[in-house]
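Shown next, in structure tokens, is the structure this report addresses.
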Amino acid sequence: MSDPAVTTAWVRAFIDELARGGVEHVCIAPGSRSTPLVMACAREDRIRTWVHLDERCAGFFALGLGKITRRPAAVITTSGTATANLFPAVIEASEAGVPLLMLTADRPHSLRGTAANQTIDQTDLYGSFVRGSFDAGEPSGENLRKVRALACKAVDATSGVDPGSVHVNFPFDKPLEPAELGEERAASLREADPVGLDGQADGTPMIPAVGGVGAGPDDEEVRAVAATLAGGSRGLIVVGPVADPEAVGPAVGDLARATGFPVLADPLSGARFSEHCVEHGVTAYDLFLRGPLPSGHSLEPDVVIRIGRAPVSASLLAFLGQLADVPQVRVTSGHAWKDHLGVASLYVRAEEAPFIRAVTNTLGTANAPPSWSEQWRSIDRAARQAVCDFQASEVGEPGEGAVLAAVVAGVPEGTTLFVSNSMPVRDLDAFGGGGKPLRVHGNRGASGIDGIVSTVAGIAAAKDGRPSIVAVVGDSVAFGYGLDDDECLAHRLEILLNHARPDGERDVVCRTVAMPGWNTRNAVHF
């Protein structure tokens, strides 16, 4: 049996250090074993708590928070199979580069491997999908400084050039309810280690991270990429989904102006729906790269720079895969080797936005002839006009792509648009156009169809009253929640998202869009 006062002080030290390190949101799932963590968060004014009935929803809600804030939101669970329900969100955060912190309660060490109730092996539970997996050890008054250091380490591991998930496992013995240290015991601990009990007097983390987010671009790699791009005159800039689209979009725009190369940007790249790449943007590539090009046109480049993860467009990927003899520079952050096409001639692992800015600053004037970019742009205009002409003709029928085009056209500038996986994101890519300043998000790390609604709710909570959100989700979400009626789905979304409003208002409006001959798409406005 543990000393509840020591457990309380020890856990409070950890949570205090999380708050000092920038953690602002904690999602709480049900359970008794996590009581010390929950109660420590409940008394912490710097942290906002969100209560969820389901661990999977809590995980994806925290993921949505992390997408917007670029800081880790934490999730607290009880022990046992509750911890396994976070796995889908852990995987998505890992693959998409979103900071996320899992705090799982566990039985004490003495009950491990004994078939004790609600006890499973939670050591390294999430395998290779976390940036760090730590066992906090059992609470001890002599280890207050160590548990603070662990909190600093965990927060730091979620960030940097390779952001993602981090797991901290807490073995708690009963009693679990909080208790205060006696005056004599508190004075003794404070005298032995005042920083361990109270933290740094100036409110800063005990071990501040030095150097900010990620390391600076490597000069040698910057020069190598700049030289490769300078060696071509018919280049392409291909931008896939990135973890920080608001930073990558402007950087890509500057690179396009420096090179004169066309920009083929995925909807989740930050470069597609922004004002930064309008002059050089090509948006209908998914359509015209599917078939034979008009006679007299050759779109084969002599150099390609690919930024971020793989774009959603299958036809663009097929086109790039055929360019094995063309120099292709791959620039992406993260821990994994992200070149499933196997055609990259130069691979750079770096934070995309600062690296691209460094390359742009190293390049001289644009070396691409205007005719190269205009050739891409003219085919792009023709493809988009062909779609418009078909939709306006007597034989043209409303299709899925028309919904996404209508959503893009109808929402105000600055809107946050979330697109689900399967067809919605592909329809946005093919038919949504570009240039309009929107903040577009999706779960394209592992591209799963689960957790979509909860992710959107987390994004809504993080926005805290800023411009509106529109979420376009597919019928797979309805099936995932066991619903087969659109109005039921809309009603559930309305309840969930109104609950997520930080100001307590209930002004979420859910509208169902249905068209003959195609799967349901639901546009959720709030």
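Residues take their numbers from the sequence shown, with the count starting at 1.
Counting all heavy atoms, side chain and backbone alike, Val98 lies closest to Gly66 at CG1-C, 3.7 Å. Residue Thr283 comes nearest to Arg272 through the heavy atom pair O-NH2, 3.1 Å, listed as atom of the first residue, atom of the second, then distance. When all heavy atoms of Pro369 and Ser233 are compared, the closest pair comes out as CD-O, 3.2 Å. Nearest heavy atoms, Gly232 versus Asp302: CA-OD1, 3.5 Å.
Formation of a donor-acceptor pair under 3.5 Å by the Asn421 side chain with backbone atoms of Asn443 is found in this model. Under the 3.5 Å distance criterion, the side-chain polar atoms of Arg131 are matched with a main-chain donor or acceptor of Ser94. Using modelled atom types, no side-chain atom of Thr158 and backbone atom of Leu100 make a donor-acceptor pair closer than 3.5 Å. Remark: side-chain polar atoms of Lys436 are paired, donor with acceptor, to backbone N or O of Val408 under 3.5 angstrom. Proximity of a side-chain donor or acceptor of Arg377 to a complementary backbone N or O of Gly281 within less than 3.5 Å is detected. With hydrogens and angles disregarded, no donor-acceptor distance shorter than 3.5 Å links the side chain of Asp266 to the backbone of Val239.
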Item to complete: Show the numbers, then the answer: is there a salt bridge (Lys or Arg N to Asp or Glu O under 4.0 Å) between Glu246 and Arg439?
Response: CA-CA 8 Å; Glu246 292 191 27; Arg439 295 177 175 88; 3.1 Å; yes
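Using a 4.0 Å cut-off between a side-chain N of Lys or Arg and a carboxylate O of Asp or Glu, Lys153 and Asp156 do not qualify as a salt bridge. Remark: Glu374 engages Arg381 in a salt bridge, criterion side-chain N to carboxylate O under 4.0 Å. In summary, Arg357 and Asp254 do not engage in a salt bridge, as defined by a charged side-chain N under 4.0 Å from a carboxylate O.
Contact annotation: the side chain of Val304 never approaches that of Phe261 to less than 4.5 Å [non-hydrogen atoms, C-beta and beyond]. At least one side-chain heavy atom of Val419 sits less than 4.5 Å from a side-chain heavy atom of Leu404. Counting only heavy atoms from C-beta outward, the side chains of Tyr126 and Ser165 never approach each other to under 4.5 Å. Taking 4.5 Å as the limit, every side-chain heavy atom of Val252 sits out of range of all side-chain heavy atoms of His276. Inter-residue side-chain proximity for Ile47 and Ile15 is flagged as met; some heavy-atom pair is nearer than 4.5 Å. Side-chain atoms of Phe273 and Leu428, non-hydrogen and from C-beta on, do get closer than 4.5 Å to each other.
Rounded to the nearest 0.5 Å, atoms CD (Glu55) and SG (Cys27) are 12.0 Å apart. Annotation: the span from Leu264 atom CG to Leu316 atom CG amounts to 5.5 Å, rounded to 0.5 Å. The line from CD1 of Ile452 to CZ of Phe60 is 7.5 Å long, rounded to the nearest 0.5 Å.
Arg71 and Ser159 share no donor-acceptor pair across their side chains, judged by distance under 3.5 Å alone. Side-chain contact annotation: His441 with Thr416, donor-acceptor N/O pair under 3.5 Å absent.
Note on ring orientation: taking the six-membered ring where Trp is involved, the planes of Trp50 and Phe61 are tilted (angle from 30° to 60°).
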